[in-house]
Amino acid sequence: MKLSADIEFIKGLPKPYRARVRWSDAAARKRPSVSLSWATEEEALAWIERMRTLVAAGVDPTMATMSLAEYGDAVMDMALRGLERKTTDPYLAGWRLRVVPWLGHLQVDAITHGAVDRAVYGWIADGHGRSTIKNSAAVLVRVMQQAVRDGLNEHNPARITGRQSEFRKAEDELDDPRALALPDWAALNTLADALVERSSGRYRGWGDVVLFAGSTAARTGEVSGVRVADIDTRTWVWNLCRQTTTSPGGLVDKGTKGKRRRKVPIIPAIRDLVQRRIDSAGSDPMALLFKGPRGGRITTAILRDATHWDDVVTACGYEYLLRHGLRHTGLTWMADAGVPVHVSRMIAGHGSLSTMQRYLHPDHRSITSAGEALMAHPTPGWSITGP
C-alpha cells in the first residue's frame with residue numbers, strides 16, 4: 001500500500017499543524033485519508049513517519065488512528081473469544097462503565113503503563129471493589145493484547161505484573177486521602193480559573209463545577225445531577241438525591257451511591273455562584289444546575305477532556321489531583337474545620353465512620369489538647385472529692 005502525506009499550517013489554532021495521510025483502497029475504489037493536528041511541525045512529521053512504518057508492517061491506516069473506544073468496538077468479539085457468557089458480561093460492563101470513560105478518548109498507541117495505573121487508581125478512589133476493578137483491568141488487557149497482535153503496540157501496557165500489590169499500595173495511599181486534597185480555598189480558586197482558561201471558549205461553567213464540587217465534597221456525577229429544585233436557598237442546603245451515570249443508552253440520572261439521600265450545606269463562598277446558575281436556568285425547577293457549554297450533561301471524563309485537566313493540574317503543581325480529589329478536598333476541609341465525624345459522614349454519604357476518620361489529622365494543636373485533657377483527668381487513686 002502506497003501512502004502519501006502532507007502537512008498544512010492553520011494559523012490561530014492551538015495545534016496549527018494538520019498532518020494528513022492518504023492511500024488507495026483498490027477494492028472499494030476509494031482514496032481514504034486520515035488526519036491529526038499537532039502543536040509543532042516536528043510532531044506532525046513524526047506521526048507521518050509512524051504511519052508509514054505501520055503501513056509497511058501491514059497495519060490498516062484507519063485502525064492505526066482509532067481511539068481506544070473505537071478500536072475496542074471493532075475488535076471486542078475477537079478479544080473476548082473463548083470466554084464464557086458469565087465472564088464476558090462483567091468484562092463488558094467494566095469496559096463500558098470504567099475503561100471507556102477513563103481511557104477511551106486516547107489513541108491506542110497512546111495507552112501507557114502510567115495511563116493504566118492512573119485509571120486503576122481512579123477506580124479505587126471511586127470506591128469500586130477488587131472484583132469490579134479486576135474485571136475492568138482484564139478486559140483492557142485483552143483489548144490491548146489484540147492491539148499488539150495487530151501491530152499497533154509493541155507491548156501490552158495493561159499487562160502489569162503484581163497487580164494485587166499495586167492495588168494494595170493504592171488502597172494504602174487512600175488511607176491518607178488528605179494527601180490527595182488541595183490545601184486551601186485559594187488553591188481551589190486558582191485551579192478553577194486555570195481550567196476555565198484552558199477550555200474552549202473559556203467556559204466559566206467548568207470553574208463553577210470545580211468550586212461547587214470542592215466545597216460540597218461531592219462526586220462529579222452528583223454535581224452533574226443537581227436540579228434547581230434540589231437547592232433550598234432559604235436554608236442554603238442541597239438535597240442530594242441523584243447522580244448522573246453512564247448506561248447502555250447514554251448518560252442517565254439514578255439514585256446516589258448506596259441509595260443514600262443526604263443534605264449538604266452550601267457555604268457562603270459559593271452562594272452567589274449557585275444563585276447565578278439558578279437564575280440562568282429559567283423557571284423550570286427540574287432544569288440542570290450545571291451543564292456543558294452546549295447544554296449537555298457532565299461526567300468526569302468530559303470535565304477532564306474539556307479543560308485539559310491533566311496538563312492544568314500539573315502546571316499548577318497538583319499533578320496528583322484527580323477529579324475525585326475535589327471530594328477529598330471538601331472532606332479534608334470539613335475535618336479540619338472541626339465538623340463532628342458523625343455529621344460529616346452523613347454529609348459525605350459514607351457508610352461507616354471509619355471511612356470518614358481517615359480524613360482526621362492529629363496536628364500539633366490537637367495533640368497538645370489531648371495531652372492537656374489527659375493531665376486534667378484524675379490520676380489513679382484520686383477522685384474529684386479527694387484521695
Side-chain angles (χ1 to χ4, degrees), residues 1-7 15 18-38 43-85 87-120 123 133-161 163 248 301 305:
M1 181 185 299
K2 187 176 180 180
L3 206 69
S4 62
D6 62 85
I7 298 176
K15 296 182 177 180
R18 187 174 69 179
R20 179 175 58 178
V21 294
R22 290 180 174 179
W23 66 96
S24 297
D25 187 340
R29 295 184 178 181
K30 293 182 179 180
R31 189 167 170 75
S33 68
V34 292
S35 62
L36 282 178
S37 295
W38 302 92
E43 290 176 327
L45 288 170
W47 177 75
I48 289 174
E49 186 59 31
R50 171 165 171 73
M51 291 295 294
R52 285 177 172 154
T53 301
L54 290 173
V55 169
V59 178
D60 184 339
T62 303
M63 185 173 290
T65 57
M66 284 182 174
S67 67
L68 179 64
E70 295 169 331
Y71 180 75
D73 288 342
V75 304
M76 190 61 73
D77 288 343
M78 186 174 297
L80 299 185
R81 64 187 181 278
L83 296 180
E84 297 181 7
R85 178 65 180 272
T87 302
T88 60
D89 284 350
Y91 276 25
L92 290 173
W95 176 264
R96 184 180 70 252
L97 299 178
R98 280 163 290 280
V99 177
V100 170
W102 277 87
L103 301 169
H105 64 293
L106 298 175
Q107 275 192 219
V108 177
D109 61 356
I111 305 296
T112 63
H113 288 300
V116 174
D117 281 343
R118 284 190 292 273
V120 173
W123 301 338
I133 294 174
K134 175 179 174 293
N135 291 331
S136 302
V139 69
L140 177 59
V141 167
R142 282 182 163 263
V143 170
M144 292 308 300
Q145 190 59 36
Q146 186 60 44
V148 173
R149 296 190 189 97
D150 285 336
L152 301 180
N153 291 68
E154 294 182 1
H155 62 276
N156 188 339
R159 191 183 293 281
I160 302 175
T161 59
R163 174 67 68 189
D305 296 344

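Owing to the predicted nature of the structure, the values given are computational and were not obtained by experimental measurement.
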Requested in this report: Kindly write out the residues that satisfy side-chain hydrogen bond (donor to acceptor under 3.5 Å, both in side chains) with Glu70, not counting sequence neighbours, or none if the list is empty.
Outcome: Ser67
**Report entry** Heavy-atom closest pair, residues Val143 and Tyr71
**Finding:** O-CE2, 3.7 Å
**Report entry** Contacts of Arg50 that satisfy side-chain hydrogen bond (donor to acceptor under 3.5 Å, both in side chains) - sequence neighbours left out
**Finding:** Asp109
Query - With Thr112 via side-chain contact (heavy atoms from CB on, under 4.5 Å) - residues at least two apart - result: Ala115
Report summary line: Taken in chain and number order and not counting sequence neighbours, the residues that satisfy salt bridge (Lys or Arg N to Asp or Glu O under 4.0 Å) with Arg85 are Asp89
Query raised in the report: When rounded to the nearest 0.5 angstrom, what distance separates CG in Leu80 from OG1 in Thr87?
Result: 9.5 Å
Report task. Kindly write out the residues that satisfy side-chain hydrogen bond (donor to acceptor under 3.5 Å, both in side chains) with Thr53, not counting sequence neighbours, or none if the list is empty. Result -> none
Query - Atom of Asn156, atom of Val141 and distance for their closest heavy-atom approach - result: ND2-O, 2.9 Å
Query raised in the report: What is the distance from atom CD of Glu43 to atom CG of Leu36, rounded to the nearest 0.5 Å?
Result: 11.5 Å
Report task. Taking side-chain contact (heavy atoms from CB on, under 4.5 Å) as the test, write out the residues that go with Val21, two or more places apart. Result -> Leu3, Ala5, Trp23, Val34, Trp47, Ile48, Met51
**Report entry** Atom pair CE/CG of Met144 and Asn153 - distance to nearest 0.5 Å
**Finding:** 4.0 Å
Query raised in the report: Nearest 0.5 Å, what's the CH2-CG distance between Trp123 and Leu97?
Result: 11.0 Å
Requested in this report: State which residues pass salt bridge (Lys or Arg N to Asp or Glu O under 4.0 Å) with Arg142; sequence neighbours excluded, sorted by chain then number.
Outcome: none
Query - Any residue meeting side-chain hydrogen bond (donor to acceptor under 3.5 Å, both in side chains) with Arg149, in chain and number order, not counting sequence neighbours - result: Gln146
Query raised in the report: Given Arg159 and Gln145, is the side-chain contact (heavy atoms from CB on, under 4.5 Å) satisfied, shown in steps?
Result: CA-CA 8 Å; Arg159 191 183 293 281; Gln145 190 59 36; 3.6 Å; yes
**Report entry** Trace of the side-chain contact (heavy atoms from CB on, under 4.5 Å) decision for Trp95 with Ser136
**Finding:** CA-CA 6 Å; Trp95 176 264; Ser136 302; over 6 Å; no
Query - Side chain to side chain, Met76 and Val139, heavy atoms closer than 4.5 Å - result: yes
Query raised in the report: Between the side chains of Arg22 and Ser33, does any donor sit under 3.5 Å from an acceptor?
Result: no
Requested in this report: For residues Val100 and Leu68, determine if any side-chain heavy atom of one lies less than 4.5 Å from a side-chain heavy atom of the other.
Outcome: no
Report task. Hey, could you give me the CG/CD1 distance between Leu152 and Ile111, rounded to the nearest 0.5 Å? Result -> 11.5 Å
Requested in this report: Could you pull out all residues at least two apart from Leu45 that satisfy side-chain contact (heavy atoms from CB on, under 4.5 Å)?
Outcome: Ile7, Glu41
Report task. List in chain and number order the residues that pass ring-ring contact (aromatic ring centres under 6.0 Å, His included) with His155, two or more places apart in sequence or in another chain; answer none if no residue qualifies. Result -> His113
Report summary line: Glu154 meets the salt bridge (Lys or Arg N to Asp or Glu O under 4.0 Å) criterion, sequence neighbours left out, with none
Query - Any residue meeting salt bridge (Lys or Arg N to Asp or Glu O under 4.0 Å) with Asp73, in chain and number order, not counting sequence neighbours - result: none
